[in-house]
Number of protein chains: 2
Amino acid sequence: MTNGRSSGAISGESLLFLTDEQLQQGIEAMFFAYRGFTADPDRILSEMAYGRAHHRAVHFINRSPGTTVNNLLNILGVTKQSLNRVLRTLIADGLVESRVGEIDRRERHLHLTNEGRLLEGRLSDAQRARMRSAFRDVGPDAVAGFRRVLEAMMDKEMQRAYTRLKESGS
Amino acid sequence: MTNGRSSGAISGESLLFLTDEQLQQGIEAMFFAYRGFTADPDRILSEMAYGRAHHRAVHFINRSPGTTVNNLLNILGVTKQSLNRVLRTLIADGLVESRVGEIDRRERHLHLTNEGRLLEGRLSDAQRARMRSAFRDVGPDAVAGFRRVLEAMMDKEMQRAYTRLKESGS
DNA sequence: AGTTTATGTCAGCCTTGTTGACATTCCAAG
DNA sequence: CTTGGAATGTCAACAAGGCTGACATAAACT
């Protein structure tokens with residue numbers, strides 16, 4: 001199970017891309033690529049007192065303005081206490097605005113302020129620049145494959161969250 | 001720069017996959033997929049007193065047996081203090097063996113013990129299973145595209161490290 | 001002999017996860 | 001209407017695993 005051809009590759013040629021060696025390479029590719037993926041925003045964030053968690057919060061609030069804390073919790077997959085600390089500093093610094101829900105006053109609806117949108121833009125621009133350059137290098141067909149593999153690798157629940165975001169955007 | 005067509009997409013149809021919206025979706029796909037990618041090993045690791053950092057160390061020691069600490073440091077991109085803490089526990093627990101170099105006796109060459117290989121196998125099997133299922137779902141062409149995009153997204157230095165590993169493996 | 005390199009260790013800090021305890025608000029069953 | 005449970009959010013304390021800085025050791029190089 002650990003070495004040689006994967007247990008699933010029973011026949012020949014057609015499934016040669018499923019050898020353990022190929023899978024291993026996929027794993028390492030993900031590891032190194034994710035490092036590159038986060039490197040540029042991380043550099044910007046470390047100039048301020050923020051970290052990757054702040055980036056994630058700002059990103060998804062920008063993506064779904066007015067979203068509730070609970071909503072964000074599900075997308076980010078962290079505990080509410082962990083998210084709360086990040087939100088608290090973002091609110092204190094005037095990047096995020098928290099509005100008490102009109103229908104259900106237990107809920108807090110989150111919006112970026114102008115200053116928040118500014119930071120989001122800087123971070124996104126940096127991250128998009130790298131992705132744009134990668135996409136341009138490899139062409140649309142490779143990009144389509146990339147997206148299909150990533151989608152197949154997500155947990156079912158995240159697949160749904162991802163699709164929902166995709167459809168809400170534009 | 002922040003909304004609408006990316007600044008790089010000057011002409012029409014052929015570069016439509018470089019809109020900010022498309023890039024945004026790529027970013028979110030990476031985020032959600034990476035969560036899935038680490039979820040299975042994380043579950044196994046949390047049963048013991050180990051974390052993702054231990055997984056990474058064990059993975060790359062398995063991949064390049066006899067590698068030195070310095071080598072590992074470069075691949076993992078952390079400080080020696082951070083790596084050392086992890087290695088210390090792995091060695092103390094008898095999963096990793098550290099041998100003084102024969103040519104240069106300042107170096108420590110790292111190897112997995114049988115017990116270490118056992119853990120590595122459990123973790124890799126879990127991670128490979130997910131990747132195998134994703135690869136099988138989408139087919140070889142999409143996988144090739146996936147790998148090409150990831151490679152293009154890495155920092156130059158990591159690209160070299162990745163290629164070296166790829167070529168050393170079978 | 002003196003310098004550089006590879007490694008390990010100690011101390012202390014920060015971010016970002018975690019759990020537990022608690023406050024507020026809503027809603028539904030009595 | 002009241003009361004109890006569920007949902008939501010906040011505060012406190014702790015752990016993992018990054019980081020820097022300082023320092024020790026041993027070996028190699030000049």
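The shown structure was predicted, so the numbers you read here are calculated from the model rather than taken from an experiment. Each chain gets a letter, A, B and so on, in the order its sequence line appears, and its residues count up from 1.
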How many Å lie between CD on Gln81(B) and C1' on dG21(D), as a whole number?
-> 8 Å
Near Glu157(A) CD, under 6.0 Å, is it more than 12 heavy atoms from other residues, nucleotides or ligands?
-> no
Distance-only, no hydrogens or angles: does the Arg108(A) side chain make a donor-acceptor pair with backbone N or O of Ser98(A) under 3.5 Å?
-> no
On DNA chain C, which is the earliest and which the latest nucleotide, 5' to 3', with an atom closer than 4.0 Å to a heavy atom of chain A?
-> dT15(C) to dC26(C)
Sidechain N-carboxylate O distance under 4.0 Å for Arg148(B), Asp137(A) | no
Below 4.0 angstrom, N of the basic side chain to O of the carboxylate: do Arg130(B) and Asp155(A) qualify?
-> yes
Starting at CZ of Arg88(B) and ending at P of dA16(D), how long is that distance when rounded to a whole Å?
-> 13 Å
Atom CG of Asn84(B) to atom P of dG21(D): distance rounded to whole Å?
-> 18 Å
Taken to the nearest whole Å, CG/Leu73(B) to P/dG18(D) is 11 Å
What is the distance, rounded to the nearest whole Å, between atom CG of Leu87(B) and atom C1' of dG17(D)?
-> 14 Å
Would you call Arg35(A) and Glu28(A) a salt bridge, taking side-chain N to carboxylate O under 4.0 Å as the test?
-> no
Is Arg99(B) salt-bridged to Glu97(B), cutoff N-O under 4.0 Å?
-> yes
In plain terms, say whether Lys156(A) and Glu151(A) are close enough for a salt bridge, that is, a side-chain N and a carboxylate O under 4.0 Å apart.
-> no
Rounded to the Å, how far apart are Arg85(A) CZ and dT10(D) P?
-> 13 Å
Apply side-chain contact (heavy atoms from CB on, under 4.5 Å) to the pair Thr89(A) and Tyr50(A), showing each step before the final yes or no.
-> CA-CA 9 Å; Thr89(A) 72; Tyr50(A) 295 138; 4.2 Å; yes
Taking side-chain hydrogen bond (donor to acceptor under 3.5 Å, both in side chains) as the test, write out the residues that go with Tyr34(B), two or more places apart.
-> none
With sequence neighbours excluded, residues passing ring-ring contact (aromatic ring centres under 6.0 Å, His included) with His59(A) = none
Should the heavy atoms of other residues, nucleotides or ligands under 6.0 Å from CD of Glu102(A) be counted, would the total exceed 12?
-> no
Here the residues of residues 32-44 of chain A within 4.0 Å heavy-atom distance, strictly under, of DNA chain C are none
Is it true that Glu47(A) and Arg122(A) make a salt bridge, defined as a side-chain N closer than 4.0 Å to a carboxylate O?
-> yes
Base versus backbone protein contacts along nucleotides 23-30 of chain D [heavy-atom cut-off under 4.0 Å; B, S, -] = ---BBS--
Under the criterion side chain to side chain contact (heavy atoms under 4.5 Å, CB included), which of Phe37(B), Phe32(B), Phe146(B) is the partner of Leu150(A)?
-> Phe146(B)
Residue pair Phe31(A), Tyr162(B): steps toward the ring-ring contact (aromatic ring centres under 6.0 Å, His included) verdict = CA-CA 10 Å; Phe31(A) 173 70; Tyr162(B) 172 70; over 10 Å; no
Report yes if a side-chain nitrogen or oxygen of Asn70(A) is closer than 4.0 Å to either non-bridging phosphate oxygen (OP1 or OP2) of dT8(D); otherwise report no.
-> yes
Given DNA chain C, 5'-ward residue of the pair Ile91(B) and Val78(A), judged by closest heavy atom = Ile91(B)
Using atom CG of Leu76(B) as one end and atom P of dG18(D) as the other, report the distance to the nearest whole Å.
-> 9 Å
For Gly101(A), answer base if it contacts any base atom (sugar-phosphate contacts may also be present), sugar-phosphate if it contacts only those atoms, and nothing otherwise; contact means non-hydrogen atoms under 4.0 Å.
-> nothing
By a strict heavy-atom criterion of less than 4.0 Å, which residues belonging to residues 50-58 of chain A are in contact with DNA chain C?
-> Gly51(A), Arg52(A), Ala53(A), His54(A), Arg56(A)
Mind calculating the distance between CG (Leu45(A)) and P (dG18(D)) to the nearest angstrom?
-> 18 Å
